Asker: 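One structure, as C-alpha cells, below. Some questions next.
Order of the sequence lines fixes the chain letters, A, B, ..., with proteins taken first and strands second; residue numbering starts at 1 for each chain. Remember, it's a predicted structure, so these values are computed and weren't measured experimentally.
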Amino acid sequence: MSVTVKIPTQLRAAAGGEAEASLDGATVQEVLDGLFDRFEELRARISDEDGSLRRFVNVYLAGEDIRFLDGLATPVKDGSELTILPAVAGG
Amino acid sequence: MAVSHLQCKECKAEYPLEALYVCDQCFGPLEVVYDHSASTGDVAELRRRIQGGPQNIWRYADFLPLAGGPPGPSGRLASRVGLPAGCTPLIRADRLAERLGLREVWVKNDAANPTHSFKDRVVSVAVTRARELGFETIACASTGNLANSVAAHGAALGMDSYVFIPADLEEQKILATGIYGTNLVGVEGNYDDVNRLCTELCAEREWAFVNINLRPYYAEGSKTLAFEIAEQLGWELPDRCIVPVASGSLFTKIARGFEEWTELGLLDGELPRMNGAQAEGCSPVASAYAAGADVCRPVKPSTIAKSLAIGNPADGPYALDLARRSGGGVDAVSDDEIRAAIKLLAETTGVFTETAGGVTTAVLAKLAARGEIDPDERVVLVITGEGLKTLDAVRGTFETRTIAPSVEAFEAGVRQTVSV
Ligand SMILES: Cc1ncc(COP(=O)(O)O)c(C=O)c1O
Ligand SMILES: [Zn+2]
C-alpha cells in the first residue's frame with residue numbers, strides 16, 4: 001500500500017531535500033518506520049526514545065489529527081496522505 | 001535594543017532573529033531572548049524611562065523584540081504609524097468583588113483597544129517586526145479577534161493581508177474583519193483545521209503569518225498586559241490573575257512579563273497565582289490540569305466561546321506548568337455560566353465583554369464560590385474582548401418594554417423602582 005508523506009520544511013534538509021515521500025505500510029506506525037529507514041536522521045527529530053511522537057509534532061491522516069483516530073496504530077489505505085507538521089503554531 | 005536572539009524553549013538551540021518559529025532539531029517552540037545586562041541597576045531611571053514613553057505599548061519597547069524600536073511617534077490617541085494599542089483601563093471593581101465575597105478585584109479592560117480585543121497588542125508587535133524583516137503581506141489563522149486586528153493593521157500600514165477563519169464564525173467578527181478590505185477566507189472546518197491549513201501555506205508563501213512564522217514576536221506582545229497591570233497598580237504585582245486560555249500564549253506571556261520585570265528589579269515579590277479559564281466545550285488544558293497530565297489531549301470544540309475554541313493548544317504544556325508552579329490552576333465553565341457571567345460583569349462594572357470575558361469572569365466566580373481565593377487577595381480579571389462582537393450570547397437575556405409616547409402609558413406599562 002502506497003502512502004504519500006508530506007514533510008514539513010523544518011525536516012526537509014534531513015530528508016534529502018524532499019517535500020514528499022512515497023512509502024508502504026498498513027498503519028501510520030509502519031509508514032513512519034519506513035520513512036525513518038529511508039532517512040535515519042528523521043527518527044530522532046520526530047520520535048521520543050520510547051518511539052512515541054514528540055509532543056510538538058502533529059501527524060494528520062487526510063487532514064485529521066491521528067490522536068482523534070487510533071494514533072500510530074491507525075490503519076492507512078492505498079493512496080492515503082500523511083502530513084507531518086509542527087504543533088507550535090496558532091493562537 | 002536589548003533583544004538578542006531566538007532560542008528553543010525545549011533544547012535551548014539558538015537561532016537568529018528571523019521569521020522562524022520552530023526548532024528544527026526537536027520541533028520545540030522558539031522564544032525571544034533579551035540581554036538586559038546594560039540596563040540593570042537603576043530601577044528609578046528605568047521606571048522614569050517607561051513613564052516618559054508614549055501612552056501605548058511602545059512605552060515598553062525595551063522589552064519587545066524590535067530591532068529598530070517603536071515604529072514612529074505615537075500616543076494613546078494619535079499615531080504616525082499604525083494603530084496604537086494598549087494603555088487600556090484598569091478598573092477597581094468593588095461591586096463585583098462584593099457580589100463574590102471578595103475585597104479587591106480589578107478589571108483590566110482590554111476591549112478598549114483599536115479593534116476591541118487584546119490581539120492588537122500581539123499584532124502590533126508581529127506586524128512591526130514583519131516590516132523590519134521586509135515582508136509585504138501579513139496573514140493569520142484566527143478564531144475571530146485576531147482576524148479583526150490583522151485586517152485593521154494591514155489597512156493602517158498599507159500592507160496586503162490574508163485572514164483565515166472558520167467559516168461558521170460570529171457574524172459580527174466576520175463583518176468587523178471584511179470591512180478593512182482584507183482577503184478574507186472562510187474555511188470549512190474548526191480553528192484547528194484552519195491552523196493546519198495555514199501552517200502548510202506558511203511554508204509555501206512569502207507571507208508573515210503573525211501567529212505562525214512570526215509567532216515568537218507575536219507572543220511577546222502579550223507581556224505588555226502584565227507590564228501595564230503592574231504599572232497601573234503603582235509598580236506592584238497582583239496576588240492573582242484570571243486569564244482566558246485558547247492556545248495558552250496570552251496566559252504564559254502575562255506571567256513572563258511579570259517575571260521579566262521582577263528579574264530586572266522593577267517589581268518585587270512572588271509571581272501572582274495564575275488561573276487559566278476555558279469553556280467546558282473546549283477545555284483541553286483544564287482537563288489535563290484536572291487529570292494531573294503534563295500534555296493536553298486535543299478536543300473538538302463545541303462552545304459559544306468561539307474566540308477560545310482551540311482544541312489543540314500550542315502552549316498547552318507550558319500553560320499547565322505555569323498553573324502548577326504559580327499555585328493557580330485551570331478551570332472550565334459551561335456555556336450557561338459564561339452567559340450569566342457576561343451579565344454579572346456588565347451589571348456590576350459597566351464593562352460589556354464578549355464570551356471570552358464571560359469565561360474569565362465565570363472562573364473568578366467559581367474560584368470565589370469554592371473558597372479558593374483569600375478575601376484579602378488582590379485579584380486582576382483580564383477581560384480580553386468586546387461584548388458587541390458576540391451579541392448572540394446575550395440575546396433574550398432581558399426585556400424591553402415598548403410603550404406609547406405618553407406619561408399614562410409609562411405609568412401603566414413600566415414597573416418603577418420606588419425611592420424613599
Ligand atoms: C478575546 C480573546 N481572549 C483570549 C484569547 C486567548 O488567546 P491565546 O491563544 O493566546 O490563549 C483569544 C484568542 O483568540 C481571544 O480572542
Ligand atoms: Zn529544540
Asker: Of all the heavy-atom pairs spanning A/F56 and B/A314, show the shortest one and how long it is.
Answerer: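 Here A/F56 and B/A314 meet closest at CE2-O, 3.7 Å.
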Asker: For chain A, which of B/G189, B/C26, B/A141 has the most heavy-atom pairs under 4.5 Å?
Answerer: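 Max contact count across the listed options: B/C26.
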Asker: Ignoring hydrogens, what is the shortest heavy-atom contact between B/V22 and A/P86? Give both atom names and the distance.
Answerer: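 Scanning both residues completely, I find the closest heavy atoms to be CG2-CB, 3.9 Å.
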Asker: Select, from B/N211, B/V210, B/D315, the one with the greatest count of heavy-atom pairs under 4.5 Å involving chain A.
Answerer: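 Heavy-atom pair counts peak at B/N211.
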Asker: At a 4.5 Å cut-off on heavy atoms, which part of B/D294 comes close to chain A: side chain, backbone, both, or neither?
Answerer: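 Backbone only.
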Asker: Hey, could you give me the CD/CD distance between A/Q10 and B/Q25, rounded to the nearest 0.5 Å?
Answerer: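 Output value for this atom pair is 11.5 Å.
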Asker: Heavy-atom distance under 4.5 Å to chain A: side chain of B/R196, backbone, both or neither?
Answerer: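 Its backbone and side chain both get close to chain A.
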Asker: Roughly how far, to the nearest 0.5 Å, is the CG atom of A/N58 from the CG atom of B/N312?
Answerer: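 It comes to 5.0 Å.
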Asker: Would you compute the distance between atom CG of A/D65 and atom CZ of B/R297 and round it to the nearest 0.5 angstrom?
Answerer: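 So the CG of A/D65 and the CZ of B/R297 are separated by 9.0 Å.
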Asker: For A/R55, is it the side chain, the backbone, both or neither that has a heavy atom under 4.5 Å from a heavy atom of chain B?
Answerer: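 Contact with chain B involves the side chain of A/R55 alone.
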Asker: Within this structure, what is the CG-OG1 distance for the pair B/L20 and A/T9, rounded to the nearest 0.5 Å?
Answerer: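 One finds 9.5 Å between CG of B/L20 and OG1 of A/T9.
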Asker: Among B/V295, B/D193, B/V122, B/V299, which residue has the highest count of heavy-atom pairs closer than 4.5 Å to chain A?
Answerer: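 It is B/V299.
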Asker: For the residue pair B/F27 and A/P8, establish whether any side-chain heavy-atom pair is separated by less than 4.5 Å.
Answerer: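 Yes, close enough: below the 4.5 Å cut-off.
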Asker: Out of B/T143, B/L30, B/T199, B/I310, return the one with the most heavy atom pairs under 4.5 angstrom to chain A.
Answerer: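 Most heavy-atom pairs under 4.5 Å with chain A: B/T199.
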Asker: Heavy-atom distance under 4.5 Å to chain A: side chain of B/A203, backbone, both or neither?
Answerer: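 Interface part for B/A203: both.
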Asker: Under a 4.5 Å heavy-atom cut-off, does chain A meet the side chain of B/Y318, its backbone, both or neither?
Answerer: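 For B/Y318, the contact with chain A is made by the side chain alone.
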Asker: Sort B/C296 into side chain, backbone, both or neither according to what part of it lies under 4.5 angstrom from a heavy atom of chain A.
Answerer: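 Backbone only.
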Asker: Thinking salt bridges, do B/E200 and A/K6 make one under a 4.0 Å N-O criterion?
Answerer: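 Looking at A/K6 together with B/E200, the answer is yes, because their closest N to O distance falls below 4.0 Å.
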